[in-house]
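Below is one structure; the comments refer to it alone.
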Amino acid sequence: MAQEEIFVIGHVNPDTDSICSAIAYARLRQLQGLESVRPARAGNLNRQTEFILQELAVPQPQLLADVVPRIRDVLSEQPPVSIAADAPLSRALELFHLHNIRLLPVVDERQRPLGMLYLKKVSERFLVPSQERELRRVYASPASICRCLKATALHAVDADRLEDLNLYVAAMSAPTFADKMHNQDMRRMVLIAADRSEILRVAVENGVRVLVVVGSLPVPEEILELARRQQVTVLSTAFDTATSTWLTRLATPVGALAQTEFASLRPQDRIEQLRAALLHSDVPGAAVLNDDGSLLAVVTKSNLLQPSRRKLILVDHNELGQAVAGADKVEILEIIDHHRLGSLQTEKPIRFINQPLGSTCTLVATLYQQAALTPEPAIAGLMLAGLLSDTVLLKSPTATAIDRDMADWLGRCSGLDPQEFGQRIFSATSAMSAYSSLEQVVLSDFKQFEAGGGRFGIGQVEVVGFHEFHSLKGELAAQLERLRQQRDLALTGLLVTDIVAGDSLLLVSHDSTLPFAMGYPQLEDGLYELKGVLSRKKQLLPHLLKVLAPPV
């Protein structure tokens, strides 16, 4: 199985604190010896975060659209065992035994599966025959019989032609043999014989399809000459009669036995697709194919029991509703956060650090100090940026004394002046025109919550003055209504925060049937004034949870 991958990742629609804390914490864990860890993101970067990464020359973390377990996550690193279509069944049985497997892909010269050979079905056919006719039946060619018996072809006729033949052993006297063969069609017969010339002559004179002489016993020249005239294939093998009889029954090329309808999947397919393919079928496994159709691996029901090699460390959130898709299907190793506790559950104890600080970057910075590690200047700059962004230049009521102390320490580590750096971040990215679309304005920092059995979502954007917002208010309101209907939410809102004045406006779209009493001054329909409100988490969210809760 491939080496595990550990991703440090923030919430969907990541803000600056989410991205910067993911990068900084991944670096901390690398310095602490966790080699397989790296940062990731669960959505596109907003303009502010892009600006910060460019300023500090830090590459964007890997984008993970989801972490839903895929078939590639549970594949063995060992190459799959397969068999060529012209190989005899005896070779397939050897492979079944050597590798302790129950299915064997039959492939062409380009390693593309032609069918699947199942041990159970092969055993039922060859080891549990119900009629004498089935015991004698051999579907093979002279060439495949020759290979299976490791024989020498003394004379061969149409060696590669596959035929339905009957298997007989000449373990009797010549007269008895002649009598037994009187009504038999020997041209559809494989005969196992020794060195009894009389029997060999009768067989060849009657045009037996394949004559096998065992024990490497000599075949008289006159018999061979007669075989050439009668178009009889003559094989000489070192095996004895019993072994030759058994192996001849196993001379059928596996291509003739393989089931051509079989389950095939791609490595990028979800584990759930494998589960559906196997649990609702009597076959033990499926083929995994490369893009060119060649065989990559064979997966069985035991693969379903293997954990995904992808594991997560969550930062800046602790609710599955805000996590990357599929987070509930992989192992979560740690959570580093500064928000309220959600309902996330884990199967076993994990490291969970949650403190009421202004930003997750502040929390990560304290972990650097606790580990007696000094972050590189660029990493320190990232944590400073996340701290200043989430606390709105330390003006937010969420900002604590620890945030202020940590801003000074990170400034020294990075060589940046916190006030100047913060002003530059917000000045460069506060305009709504910096976003690619109004949809991006709403979604760049949009989070969903639950209250009273319903769901609602609030986005936030920082600006310098409300003039641009008022010019776009109508279009933003329409965007909020579309989003509310698309996601079936009771309410959608956009918190527009003036970082200079320290005030906010809240534009909302809500279901008219919902009892709603905002409690803030209403400037006009759907627009509320929030004096002194900077924090969605600490100031707006608790209020909305109370407003939207059902009456007691």
Side-chain angles (χ1 to χ4, degrees), residues 1-12 14 16-42 53 56-70 72-75 77 306-318 320 322-339 344-355 357 359-387 406 409-410 413-414:
M1 187 171 159
Q3 183 182 12
E4 70 174 12
E5 296 178 308
I6 301 175
F7 292 102
V8 183
I9 190 167
H11 50 75
V12 294
T16 295
D17 186 40
S18 180
I19 295 294
C20 292
S21 61
I23 298 173
Y25 191 66
R27 181 57 182 152
L28 173 60
R29 298 300 279 124
Q30 289 169 358
L31 292 172
Q32 293 174 327
L34 194 60
E35 297 180 355
S36 58
V37 66
R38 59 181 185 269
R41 55 191 171 95
L53 295 182
L56 298 174
V58 175
Q60 295 185 8
Q62 178 181 346
L63 174 63
L64 292 181
D66 65 67
V67 290
V68 174
R70 308 280 173 173
R72 58 173 172 252
D73 297 333
V74 297
L75 295 183
E77 293 182 331
Q306 297 179 14
S308 172
R309 63 189 175 92
R310 288 188 166 186
K311 304 180 188 302
L312 298 181
I313 295 175
L314 304 184
V315 295
D316 202 34
H317 69 300
N318 67 86
L320 285 176
Q322 298 177 12
V324 61
D328 58 326
K329 301 183 184 302
V330 298
E331 185 178 0
I332 296 174
L333 301 177
E334 303 179 34
I335 299 175
I336 312 297
D337 192 20
H338 71 130
H339 293 94
L344 188 148
Q345 295 181 348
T346 59
E347 293 184 355
K348 55 187 177 182
I350 66 170
R351 187 187 195 198
F352 193 134
I353 302 176
N354 186 284
Q355 293 186 23
L357 299 173
S359 74
T360 304
C361 280
T362 303
L363 180 51
V364 174
T366 67
L367 298 177
Y368 270 88
Q369 290 185 339
Q370 291 173 16
L373 292 171
T374 300
E376 298 100 332
I379 298 297
L382 285 176
M383 288 189 281
L384 179 60
L387 187 163
M406 209 56 62
W409 181 68
L410 292 172
C413 293
S414 63

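By convention here, the first residue in the shown sequence is residue 1.
Nearest heavy atom pair, residue N318 against residue L344, reads O-CB, 3.2 Å. L384 and L410 get closest at one heavy-atom pair: N-CD1, 3.7 Å. Here the closest non-hydrogen pair linking V330 and P69 is CG1-CG, 4.0 Å. Closest heavy-atom contact between H317 and V315: ND1-O, 2.8 Å. Heavy atoms only, all atoms of each residue included: L314 and I332 are closest at CD1-CD1, 3.9 Å. Of all the heavy atoms in A65 and A325, the pair that sits closest is O-CB, 4.2 Å.
In this structure the side chain of I19 reaches within 4.5 angstrom of the side chain of P61, judged on heavy atoms. Side-chain contact between T346 and F352 is absent, with no heavy atoms from C-beta onward closer than 4.5 Å. I350 is not listed as a side-chain neighbour of E334, based on a closest heavy-atom distance of 4.5 Å or more.
In summary, the side chains of H338 and D316 do present a donor paired with an acceptor at a separation below 3.5 Å, with no hydrogens or angles considered.
Interatomic distance, CG of D337 versus OG of S21, reported as 9.0 Å (0.5 Å rounding). The structure places CG of L333 at 5.0 Å from CD1 of I6, a figure rounded to the nearest 0.5 Å. Separation of atoms CG (D17) and CG (L387) is listed at 8.0 Å; rounding is to 0.5 Å. L320 CG to H11 NE2: the interatomic distance, rounded to the nearest 0.5 Å, is 14.5 Å. With values rounded to the nearest 0.5 angstrom, I9 atom CD1 is found 4.5 Å from L64 atom CG. Note that CD1 of I336 is 9.0 Å distant from OG1 of T360, once rounded to the nearest 0.5 Å.
Other residues, nucleotides and ligands contribute at most 12 non-hydrogen atoms within 6.0 Å of the NZ atom of K329.
Judged by distance alone, the side chain of N354 and the main-chain N or O of H339 form a donor-acceptor pair under 3.5 Å.
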Give the table of side-chain donor-acceptor pairs shorter than 3.5 Å for residues 368-383, with sequence neighbours excluded, one pair per line with atom names and distance.
residue	atom	partner	partner atom	Å
Y368	OH	A24	O	2.8
Y368	OH	L28	N	3.3
E376	OE2	R27	NE	2.9
E376	OE2	R27	NH2	2.9

Which donor-acceptor pairs under 3.5 Å do the side chains of residues 32-40 make with protein atoms, sequence neighbours left out?
residue	atom	partner	partner atom	Å
Q32	OE1	R29	NH1	2.9
R38	NE	Q62	OE1	3.3
R38	NH2	E5	OE2	2.8

Q. For R70 and R310, what are the C-alpha separation, side-chain angles and deciding distance, and is it a side chain to side chain contact (heavy atoms under 4.5 Å, CB included)?
A. CA-CA 10 Å; R70 308 280 173 173; R310 288 188 166 186; over 6 Å; no
